[in-house]
S.K.: 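The structure under discussion is supplied below as C-alpha cells; questions concerning it will follow.
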Amino acid sequence: MIKIVIGGQMGKDEINADLKKLIGDNDVEVTIKNDLDAAMAIQNGEADYYIGACETGAGGALAMATALLGSDKTVTVASPSKVLSEEQIADEINNKGKVAFGFTINTKDTVLPILVKYLVK
C-alpha cells in the first residue's frame, strides 16, 4: 500500500478529494495532517509521499518538509512563475528520489494528475 500525507497550508480538503478521485481503486491511503506531522510521517517511514499547497509552492507548502527531510527529498513542482513539465516531474520522482511535493493551490488541477500518474504505479 502506498501512503500519501497531505500537509501544506491551503486546500487540504480539495486536494484530498481530488487525489481520491484520481487514485480510484488503487491501494493508496491518503491522510490530511498538519505540516509537522506530515513531514515527520515521511521521516519516520510511516508515509511514502508528502503533498502540500500554498501561495508560493515552497513556503507553507513545503518548508517543514524541507527542514526535516532536506532539499534533496523535496521539490516545488509549481510556483507562481513556473510549473514543471510532466517530464520534469517524472524525473524528480524517478531519478532524483523526491518524496515531498509543493505547489501553488491554483495549479492543483495541473499537477495532481501528473503526481498521481508517477507516484501510484
Side-chain angles (χ1 to χ4, degrees):
M1 172 190 294
I2 296 171
K3 294 182 180 180
I4 297 173
V5 288
I6 300 171
Q9 297 299 312
M10 300 181 72
K12 291 180 183 182
D13 291 331
E14 293 173 272
I15 293 169
N16 185 38
D18 288 355
L19 281 175
K20 288 184 175 177
K21 286 180 192 170
L22 292 164
I23 290 166
D25 293 333
N26 288 297
D27 193 18
V28 179
E29 177 183 292
V30 179
T31 307
I32 296 174
K33 294 181 176 280
N34 66 47
D35 288 4
L36 179 59
D37 289 344
M40 287 181 67
I42 299 293
Q43 188 178 43
N44 295 333
E46 298 166 0
D48 301 298
Y49 300 108
Y50 173 107
I51 293 176
C54 69
E55 290 288 346
T56 65
L62 212 52
M64 187 58 67
T66 301
L68 290 181
L69 306 173
S71 59
D72 60 325
K73 296 291 184 191
T74 63
V75 62
T76 298
V77 295
S79 69
S81 61
K82 182 179 181 182
V83 178
L84 298 183
S85 68
E86 180 172 341
E87 292 75 22
Q88 290 171 312
I89 293 172
D91 183 55
E92 295 287 348
I93 295 167
N94 296 329
N95 300 320
K96 297 180 181 174
K98 305 294 184 178
V99 296
F101 309 92
F103 54 88
T104 57
I105 190 65
N106 65 332
T107 62
K108 74 174 181 59
D109 293 339
T110 301
V111 299
L112 284 178
I114 297 169
L115 288 172
V116 168
K117 179 177 179 180
Y118 292 97
L119 298 179
V120 181
K121 299 174 186 169

S.K.: Which residues satisfy the side chain to side chain donor-acceptor pair (under 3.5 Å) test with Asn94, sequence neighbours excluded?
M.R.: Lys121
S.K.: What's the verdict on side-chain contact (heavy atoms from CB on, under 4.5 Å) for Met10 and Glu55, showing C-alpha distance, side-chain angles and the deciding distance?
M.R.: CA-CA 8 Å; Met10 300 181 72; Glu55 290 288 346; 3.3 Å; yes
S.K.: Nearest 0.5 Å, what's the CG-NZ distance between Leu19 and Lys12?
M.R.: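 So the CG of Leu19 and the NZ of Lys12 are separated by 13.5 Å.
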S.K.: Check whether Thr76 reaches the backbone of Ser79 with its side chain - one donor and one acceptor, N or O, closer than 3.5 Å.
M.R.: no
S.K.: After noting the C-alpha distance and the side-chain angles of Thr104 and Thr107, does the key distance pass the side chain to side chain donor-acceptor pair (under 3.5 Å) rule?
M.R.: CA-CA 6 Å; Thr104 57; Thr107 62; 3.2 Å; yes
S.K.: For Ile105 and Gly11, work out which heavy atoms get closest and say how close.
M.R.: CD1-CA, 3.8 Å
S.K.: Taking all atoms of both residues into account, what is the closest heavy-atom pair of Gly102 and Ala61, and its distance?
M.R.: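 Scanning both residues completely, I find the closest heavy atoms to be CA-CB, 4.1 Å.
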S.K.: Please round to the nearest 0.5 Å and tell me the distance separating atom CG of Asp48 and atom CE of Met1.
M.R.: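 Rounded to the nearest 0.5 Å, the CG-CE separation comes to 10.0 Å.
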S.K.: Check whether any side-chain heavy atom of Ile15 sits under 4.5 Å from a side-chain heavy atom of Phe103, and report yes or no.
M.R.: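 Contact flag for Ile15/Phe103 side chains = yes.
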S.K.: Flag yes if more than 12 heavy atoms outside Asn95 fall under 6.0 Å of its CG atom; otherwise flag no.
M.R.: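 More than 12 within 6.0 Å, yes.
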S.K.: Report the distance from atom NZ of Lys108 to atom CG of Asp18, rounding to the nearest 0.5 Å.
M.R.: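 Lys108 atom NZ to Asp18 atom CG measures 3.5 Å (nearest 0.5 Å).
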S.K.: Measuring from atom CD1 of Ile114 to atom OG of Ser85, what distance do you get when rounded to the nearest 0.5 angstrom?
M.R.: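 The CD1 atom of Ile114 sits 7.5 Å away from the OG atom of Ser85.
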S.K.: Has Asp37 got a side-chain atom pairing as donor or acceptor with Asn34's backbone, closer than 3.5 angstrom?
M.R.: no
S.K.: To check you understand the geometry: which heavy-atom pair defines the closest contact between Val5 and Ala47, and what is its length?
M.R.: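 Heavy atoms of Val5 and Ala47 come nearest at CG1-CB, 3.6 Å.
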S.K.: side-chain contact (heavy atoms from CB on, under 4.5 Å) for Val99 and Tyr50? Distances and angles first, verdict last.
M.R.: CA-CA 6 Å; Val99 296; Tyr50 173 107; over 6 Å; no
S.K.: Would you sort out whether Leu36 and Leu68 count as a side-chain contact (heavy atoms from CB on, under 4.5 Å), showing the intermediate values?
M.R.: CA-CA 9 Å; Leu36 179 59; Leu68 290 181; 3.9 Å; yes
S.K.: Identify the two heavy atoms, one from Leu69 and one from Ala39, that lie closest to each other, and give their separation to 0.1 Å.
M.R.: CD2-O, 4.0 Å
S.K.: What distance separates Ile89 CD1 from Leu115 CG, expressed to the nearest 0.5 Å?
M.R.: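 That separation rounds to 5.5 Å.
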S.K.: Run the side-chain contact (heavy atoms from CB on, under 4.5 Å) check on Ile2 and Leu119 step by step: do they pass?
M.R.: CA-CA 8 Å; Ile2 296 171; Leu119 298 179; 5.7 Å; no
S.K.: Check for a donor-acceptor pair, side chain of Lys98 on one end and backbone N or O of Ser71 on the other, with a separation under 3.5 Å.
M.R.: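 Between the backbone of Ser71 and the side chain of Lys98 there is a qualifying donor-acceptor contact (under 3.5 Å).
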S.K.: I need the Lys73 NZ to Leu62 CG distance, nearest 0.5 Å.
M.R.: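 Separation between the atoms: 14.0 Å.
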